[in-house]
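The shown structure was predicted, so the numbers you read here are calculated from the model rather than taken from an experiment. Here is the naming used below: chain letters follow the sequence lines, and residue numbers restart at 1 for every chain.
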Amino acid sequence: MDILTELNPAQREAVETINGPLLILAGPGSGKTKVITHRIAYLIKVVGVNPYHMMAVTFTNKAAREMAERLHRLLSGVVADLTIGTFHAICARILRREGKAIGVAPGFVIYDDEDQTNLIKRSLQELGLDPKQYSPKAIQTAIDAAKARLLTPAEYLKWGRSYFDEIAQRVYERYQKLLEESNALDFDDLLMKTVHLFRDNPPVRSRYQNRYSYVHVDEFQDTNLVQYELMKQIAGKHRNLCVVGDPDQSIYSWRYADLRNILNFEKDFPEAKVVLLEQNYRSTKLILEAASHVISANKQRKPKGLWTENEAGVPTAVIETYTEQEEAQFVVNEIEQMVSGGEAKLNDFAVMYRTNAQSRVLEEAFLRYGVPYKLVAGTRFYERREVKDVIAYLRLLQNPSDNVSLLRIINIPQRGIGERSIVELSQWARMKGVAAYPALKMLAESKESEPKPPLSPRVVKAMLSFYEMMADFTESRELNLVDLFDLVVAKSGYKEYLMREMDGEERWENVLELRTVAQEYRDMPAPEGLAAFLEGVTLVSDVDSLDESVAAVILITLHQAKGLEFPIVFIVGMEDGILPHIKSFDDPEQMEEERRLCYVGITRAKKRVYLVRAFRRSLMGSSRPNPPSRFLWDIPTHLITGGSLREVAAESRLAAALSAWNRGVVGKTDLPELKAGDHVKHAQFGEGVVVSAKPVKDDAEVTVAFEGAGVKRLLQSFAGLEKVT
DNA sequence: CGAAAGGCTCTTTTT
DNA sequence: GAGCCTTTCG
């Protein structure tokens with residue numbers, strides 16, 4: 001059987017184990033996606049299971065798409081009836097069909113993080129709580145945490161301990177009410193409500209349990225309690241639940257991912273079979289060894305025997321630069337050299353970092369040197385103001401109760417409807433027992449004699465003309481999505497509004513890009529097309545749009561890089577305070593997660609790894625030196641180019657500077673005094689002329705124009721500049 | 001009501 | 001350093 005022939009014995013065992021629960025512990029690069037797809041293909045083709053009875057849950061839409069494509073190839077045909085997608089997408093689909101049973105109307109909209117924050121602020125406002133005293137973000141975290149524990153507001157009340165919990169509980173209650181009024185669900189609601197649906201409606205649960213005789217979950221180490229609960233519900237009857245994960249790659253505990261899911265799996269399913277995938281097909285021996293040394297320092301883990309038949313490869317390069325600008329420059333230069341030397345293509349490279357803020361300096365360097373790059377996140381496309389504005393118009397057409405969207409656009413472009421008037425309208429709507437948009441409708445249709453909100457005639461006129469415009473759009477809902485899109489953008493005056501702004505051109509481009517996305521839904525029947533579009537744009541992640549075949553270097557966070565692989569990987573910011581992040585310093589568990597994050601990064605690489613750090617880095621405005629990442633010390637000498645960091649550092653002036661810094665006394669050294677115009681010599685860059693010299697503590701930042709290497713900014717003590725006369 | 005200017009506070013990671 | 005919020009003035 002050709003489905004089995006390309007598998008190693010462990011993979012084959014996982015594929016052929018079709019009865020009962022199955023836990024697959026899969027190291028990086030061990031072919032876990034392959035195992036899932038082959039297992040599904042095997043079930044369909046050999047066992048004869050109808051794809052309709054199978055579910056596969058992935059972490060991103062991209063992973064789902066790729067899995068579907070691989071299946072398509074394996075089975076030489078489409079697998080239309082297979083349920084495949086992210087937790088959120090699958091739950092949204094279930095709730096559209098079955099939500100009525102728990103009071104969720106099928107036309108609901110999904111609120112993203114920003115919408116959620118808006119609504120929490122409004123909840124605070126309505127409760128008369130001061131947002132300065134109770135930070136909306138902190139409340140949001142509390143609410144997310146409650147939902148991740150399946151706690152309703154009432155249950156949270158019993159669970160809460162502190163005074164803050166009590167406040168958060170009140171906000172949670174009001175927030176939930178506002179969501180309901182808007183016929184909206186937030187991300188966590190999608191999961192929680194589905195679990196409640198199944199818990200409280202045995203007939204519905206049975207239908208789904210009967211349907212899904214085989215359930216697969218990818219990246220199981222990053223599922224939270226609610227997601228696991230949901231899988232247990234759906235697989236509850238047939239108990240053919242196959243989960244695949246790697247505890248060493250668990251990096252989402254802050255999103256309430258819970259490793260106990262893996263640990264409890266064998267308890268919840270005592271009959272479960274466990275298969276270990278330990279052969280790595282991705283990386284060289286040296287990369288795998290370096291990664292193993294990094295992860296081995298974690299106390300809370302089971303040792304694993306990861307191995308590979310791949311070549312030894314080259315040692316990991318550990319590089320230190322002076323500033324983050326030089327760090328970026330190093331990365332770009334290195335890539336440029338390899339590409340122009342024909343050693344590699346642009347899309348062989350990925351540059352990974354701990355925090356999004358680090359991407360800016362990198363971007364600048366790539367732009368300056370004209371090396372094509374693709375930034376995976378940054379300001380996420382669908383979170384841009386102009387994109388969300390247009391989406392808000394469309395959302396309101398799908399769901400007139402959507403208060404967050406209405407309030408967002410009622411005065412965009414400016415129509416002379418200010419904050420005060422909006423509050424009056426909202427209160428009036430609440431009094432009438434309807435959402436804000438239907439209240440506009442009532443206002444438009446009300447007779448002279450009826451009571452009205454206390455608004456000036458000018459404002460009433462503005463509101464009514466806004467309502468009439470939206471009503472026109474509503475009547476055009478039968479148009480295909482692109483025509484509807486164009487109509488809304490044209491009639492609302494949104495383009496003119498954008499163009500009046502400084503960066504209007506660029507923002508308008510983004511609107512056009514959104515329109516391109518809308519084109520994919522053009523041929524769907526009108527209302528469904530709109531609904532599918534809106535759901536799509538809310539549930540996408542940034543990696544979903546990543547196309548590795550484009551000739552560009554990928555800039556990506558370590559978190560987003562999970563599940564991907566690249567021939568050559570740079571990890572920048574290898575410093576204590578960045579990776580590991582400073583927030584993890586006082587919590588051993590978080591520190592272990594930082595280490596796993598580093599492990600994930602290294603194991604993305606097939607051929608070559610660079611671990612790069614900057615001596616000085618600007619953070620929150622001010623620049624300060626950071627010590628090397630503690631993870632670097634765990635990689636032994638023979639796996640690193642130029643010996644271990646310890647040896648290199650011990651010899652270097654950098655070490656002296658560092659220890660001086662740590663002692664808090666920077667001793668006056670015998671540095672030659674430099675001024676603009678002086679000729680100097682550098683061991684690596686050769687000869688050059690000093691452009692400027694700025695005293696820093698007892699050292700100096702010197703900018704030098706080198707004859708061969710261009711202009712560099714260097715710290716004099718560690719650059720080792722010699723004065724040439 | 002709206003634009004502009006100044007002040008404040010954070011920045012981890014995201015479906 | 002940037003985004004967000006508040007204040008101020010037209």
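Contact annotation for Y252(A): backbone-only contact, meaning every heavy-atom pair under 4.0 Å involves sugar-phosphate atoms and none involves a base. Within the nucleic acid shown, N411(A) comes within 4.0 Å of sugar-phosphate atoms alone, with no base atom in reach, counting heavy atoms only. Residue K121(A) is classed as a sugar-phosphate contact, given heavy-atom separations below 4.0 Å to backbone atoms only. Residue-level contact check: E219(A) touches neither bases nor backbone, having no heavy atom under 4.0 Å from any strand.
Taking the charged nitrogens against the carboxylate oxygens, R301(A) and E592(A) have no contact shorter than 4.0 Å, which rules out a salt bridge.
The CZ atom of R458(A) sits 8 Å away from the P atom of dC1(B) (whole-angstrom rounding). What separates CG of L597(A) from P of dT13(B) is a distance of 11 Å, to the nearest Å. Atom CG in N61(A) sits roughly 15 Å away from atom P in dT14(B) (whole-Å rounding). Between F220(A) atom CZ and dT15(B) atom C1' the separation is 17 Å, expressed in whole Å. The CG-C1' distance, from L95(A) to dT15(B), rounds to 15 Å in whole Å. Taking atom CG of D188(A) as the reference point, atom C1' of dT15(B) lies 9 Å away to the nearest angstrom. In this structure, Y497(A) atom OH and dG2(B) atom P are separated by 11 Å, rounded to whole Å.
Taking the side chain as every heavy atom from C-beta outward, R93(A) and R96(A) never approach each other to under 4.5 Å. Residues Y156(A) and R149(A) form no side-chain contact, since every pair of their non-hydrogen atoms from C-beta on lies 4.5 Å or further apart.
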Under the side-chain contact (heavy atoms from CB on, under 4.5 Å) rule, what do M55(A) and L82(A) come out as? Steps first, then yes or no, please.
CA-CA 6 Å; M55(A) 176 183 278; L82(A) 181 72; over 6 Å; no
What's the verdict on side-chain contact (heavy atoms from CB on, under 4.5 Å) for D189(A) and Y111(A), showing C-alpha distance, side-chain angles and the deciding distance?
CA-CA 10 Å; D189(A) 278 347; Y111(A) 280 175; over 6 Å; no
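Distances were taken from every side-chain heavy atom of R420(A) (C-beta onward) to each of dG1(C), dC1(B), dT15(B); the shortest belongs to dC1(B). The nucleotide whose nearest atom lies closest to any side-chain atom of S541(A) is, among dT13(B), dG2(B), dT15(B), dT15(B).
No more than 12 heavy atoms of other residues, nucleotides or ligands shown are found within 6.0 angstrom of CZ on R260(A).
Residues Q560(A) and S135(A) both approach DNA chain B. Their nearest nucleotides, taken by heavy-atom distance, put S135(A) toward the 5′ side. Residue I422(A) is the one, among I422(A) and H581(A), whose nearest nucleotide of DNA chain B lies closer to the 5' end (criterion: closest heavy atom).
For Q414(A), a side-chain nitrogen or oxygen approaches OP1 or OP2 of dA3(B) to under 4.0 Å. Contact annotation: S421(A) side-chain N/O to dC1(B) OP1/OP2 distance is under 4.0 Å. Dashed line: the shortest gap from a side-chain N or O of N224(A) to OP1 or OP2 of dT15(B) is not under 4.0 Å. OP1 or OP2 of dT14(B) sits under 4.0 Å from a side-chain N or O of T557(A).
Ring-to-base geometry does not place F59(A) in a stacked arrangement with dT15(B) (centre distance under 5.5 Å, plane angle under 30° required).
When ring centroids are compared, F220(A) and Y228(A) come within the 6.0 Å threshold.
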Base-pairing string, 5' to 3', of DNA chain B - Watson-Crick or wobble, under 3.5 Å, | interstrand
||||||||||.....
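Between the side chains of E327(A) and Q325(A), no donor-acceptor pair of N or O atoms lies under 3.5 Å.
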